[in-house]
Amino acid sequence: MDDNDFDEEGFIRGGFYNWIFEQAELKNIMFDYIEGSKPVTKHTRAKRAGTLLLCPECKKTNRIYNFSWVAIVCLNCRAEVNKYDWRIVNDT
């Protein structure tokens, strides 16, 4: 085994997992799914204490208090991100 058999987290690539990442690399697709997060929809509401959103560019969180915007700038990476590209962090 060499370094190409492991992904960024140190897990062994193999089978379907290996194939799907090869296809993503060929098509330049980024997987922005983060476990425990949900996408922002037109029905999303902010909580009184604010809602944590996950930036799809840098994967850092930002707290917002309303959704009356179309796009905002991430405070960490300074990328302008559309509203429906953000993900809501699960507050459990």
Side-chain angles (χ1 to χ4, degrees):
M1 292 191 140
D2 58 355
D3 290 337
N4 292 337
D5 294 335
F6 296 93
D7 63 5
E8 300 85 36
E9 290 135 8
F11 295 108
I12 298 174
R13 288 184 172 183
F16 180 73
Y17 183 79
N18 190 23
W19 177 82
I20 198 73
F21 274 95
E22 286 174 2
Q23 297 303 311
E25 289 169 1
L26 289 174
K27 295 181 181 176
N28 241 356
I29 298 173
M30 291 296 296
F31 290 104
D32 61 355
Y33 174 77
I34 302 296
E35 189 173 332
S37 68
K38 299 179 285 189
V40 172
T41 65
K42 68 179 187 176
H43 302 291
T44 302
R45 295 212 174 249
K47 297 177 183 168
R48 185 174 183 165
T51 300
L52 283 176
L53 295 183
L54 190 69
C55 176
E57 301 292 326
C58 66
K59 308 295 189 255
K60 302 284 183 180
T61 58
N62 295 279
R63 184 173 302 277
I64 58 108
Y65 295 92
N66 64 60
F67 281 95
S68 59
W69 44 272
V70 176
I72 57 173
V73 175
C74 175
L75 297 174
N76 296 305
C77 66
R78 304 287 185 218
E80 184 176 345
V81 182
N82 291 330
K83 180 192 300 189
Y84 300 117
D85 294 337
W86 290 86
R87 301 212 35 112
I88 301 171
V89 177
N90 192 4
D91 294 333
T92 45

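Note that the numbering runs from 1 along the sequence shown for the chain. When reading the values below, keep in mind they use all heavy atoms of this one structure, side chains included, and skip hydrogens, waters and symmetry mates.
- Between Gly50 and Arg63, the shortest heavy-atom distance links the atoms O-NH1, 3.6 Å.
- With hydrogens and angles ignored, the 3.5 Å screen pairs no side-chain donor or acceptor of Arg87 with any backbone N or O of Leu54.
- Here the side chains of Ile88 and Val40 are in contact, with some heavy-atom distance below 4.5 Å.
- Leu53 places none of its side-chain heavy atoms less than 4.5 Å from the side chain of Thr61.
- A single hydrophobic cluster is not seen to contain both Trp86 and Leu75; linkage of ILVMFWY side chains at heavy-atom distances under 4.5 Å, directly or through other members, places them apart.
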Output a table of donor-acceptor pairs, distance under 3.5 Å, between side-chain atoms of residues 65-74 and any protein atom two or more places apart or on a different chain; print 'none' if there are none.
from  : atom 1 : to    : atom 2 : distance (Å)
Asn66 : OD1    : Ser68 : N      : 3.2
Asn66 : OD1    : Ser68 : OG     : 3.0
Trp69 : NE1    : Asn66 : O      : 2.8

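- Side-chain contact between Asn76 and Cys55 is absent, with no heavy-atom pair separated by less than 4.5 Å.
- Partners of Thr44 by side-chain hydrogen bond (donor to acceptor under 3.5 Å, both in side chains), not counting sequence neighbours, listed by chain and number: Thr41.
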